[in-house]
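Following: one structure in C-alpha cells, then a few remarks.
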Amino acid sequence: MPSTYEKIYAVVKKIPYGRVATYGQVAGLAGIPRQARQVGYALNHLTDNDIPWHRVINARGEISGRSNPDYARLQRILLEEEGITFSPDGRTSLTRFLWKP
DNA sequence: GGTCTGACTAGGT
DNA sequence: AACCTAGCCAGAC
C-alpha cells in the first residue's frame, strides 16, 4: 500500500511541461480528495527529486506562501522559464495554464 | 493515543 | 475583489 506522499508524488510527476495544477486537483487525481493540505505538506518534504513541484500552485492561481520565501521566488522563475506568465499582482491565468488531463 | 500543525479550499460577507 | 471562517486529515510529537 503506497503512502499518501507516494501517491501525491506520482501525480505531480505527470504534470506536463508548461502547465500547472492546483493542490486540490492533485489531491483528487491521487485518489485522496479534500487533502490539498497534505499535498503541500508532502512537497515541503521534497529534497532532490525529479518531481516538478514548482508546477503546483493554489486554486487562485498564485504561488502559495511558505516558511522560506526564497523558494517562492525560485518557483516563479522556474514557471516563467516554461512560458507561464504572471500578472503584476503575482497571479497566473488558470484558464490558460491549468493542466486538464 | 490525544493534540497540534499546515505549499489548501469552498463558501459566505 | 479581498477578507474571514469552518472544514479538512495525514504526519509529527
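By convention in this document, chain letters (A, B, ...) are assigned in the order of the sequence lines, proteins followed by strands, and residues within each chain are numbered from 1. Model, not experiment: these values are computed from the prediction.
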Item checked: Spacing of A:Q75 atom CD and A:E80 atom CD [to the nearest 0.5 Å] -> 11.0 Å
Looking at the side chain of [X], which of [options] is the nearest nucleotide?
{"X": "A:T4", "options": "C:dG11, C:dG7, B:dT9", "value": "C:dG11"}
{"X": "A:S3", "options": "C:dC9, C:dG11, B:dT9", "value": "C:dG11"}
{"X": "A:S64", "options": "B:dT9, B:dC8, C:dA10", "value": "B:dC8"}
{"X": "A:Q35", "options": "B:dT9, C:dG7, C:dC9", "value": "C:dC9"}
{"X": "A:A36", "options": "C:dC8, C:dA10, B:dT9", "value": "B:dT9"}
{"X": "A:Y41", "options": "C:dA12, B:dT9, C:dC9", "value": "C:dA12"}

Margin query: Contact list please: residues 21-28 of chain A against DNA chain C, heavy atoms, distance less than 4.0 Å, in numerical order.
Written below: none
Checklist line | Sorted by number, the residues of residues 74-101 of chain A with heavy-atom contact under 4.0 Å to DNA chain C | finding: A:R91
Next item on the list: In sequence, state the C-alpha distance, the side-chain angles, and the governing distance for A:T92 and A:L79, and then conclude on side chain to side chain contact (heavy atoms under 4.5 Å, CB included).
Entry: CA-CA 10 Å; A:T92 191; A:L79 289 175; over 6 Å; no
Next item on the list: Could you label the plane-to-plane angle of the A:Y9 and A:Y5 rings as parallel, tilted or perpendicular, counting under 30° as parallel and over 60° as perpendicular?
Entry: tilted
What integer distance in Å separates [X]:[atom1] from [N]:[atom2]?
{"X": "A:R34", "N": "B:dG6", "atom1": "CZ", "atom2": "C1'", "result": "18 Å"}
{"X": "A:H45", "N": "C:dA10", "atom1": "NE2", "atom2": "P", "result": "15 Å"}
{"X": "A:N58", "N": "B:dA10", "atom1": "CG", "atom2": "C1'", "result": "13 Å"}
{"X": "A:W53", "N": "B:dC8", "atom1": "CH2", "atom2": "P", "result": "14 Å"}
{"X": "A:I32", "N": "B:dT9", "atom1": "CD1", "atom2": "P", "result": "13 Å"}
{"X": "A:I57", "N": "B:dC8", "atom1": "CD1", "atom2": "C1'", "result": "13 Å"}
{"X": "A:E62", "N": "B:dT9", "atom1": "CD", "atom2": "C1'", "result": "13 Å"}
{"X": "A:L43", "N": "B:dT5", "atom1": "CG", "atom2": "P", "result": "22 Å"}

Next item on the list: Treat each ILVMFWY residue as a node, draw an edge where side-chain heavy atoms are under 4.5 Å apart, and state whether A:I84 and A:V56 are in one component.
Entry: no
Notebook entry, point to check: Do the numbers put A:R76 on top of the ring of A:F86, so that NZ or CZ is under 6.0 Å from the six-membered ring centre and no more than 45° off the axis?
Noted result: yes
Note to self: Determine whether a donor-acceptor pair (N or O, by modelled atom type, separation under 3.5 Å) exists between the side chain of A:E6 and the backbone of A:S3.
What the structure shows: yes
Note to self: Within the 4.5 Å heavy-atom criterion, are A:Y17 and A:P52 side-chain neighbours or not?
What the structure shows: no
Next item on the list: Report yes if the side chains of A:Y23 and A:N58 come closer than 4.5 Å at any heavy-atom pair, otherwise no.
Entry: yes
Next item on the list: Please confirm whether any donor atom in the side chain of A:R37 sits under 3.5 Å from an acceptor in the base of C:dG11, or the reverse.
Entry: no
Next item on the list: Would you state whether a donor and an acceptor, one from the side chain of A:Q38 and one from the base of B:dG6, lie under 3.5 Å apart?
Entry: yes
Notebook entry, point to check: So what does A:N44 hit on the nucleic acid, given a heavy-atom distance under 4.0 Å: a base, only sugar-phosphate, or nothing?
Noted result: base
Notebook entry, point to check: Does the distance from a Lys or Arg side-chain N to an Asp or Glu carboxylate O, for A:E82 and A:R55, drop under 4.0 Å?
Noted result: yes
Checklist line | Heavy atoms of other groups near A:Y71 OH, more than 12 under 6.0 Å | finding: no
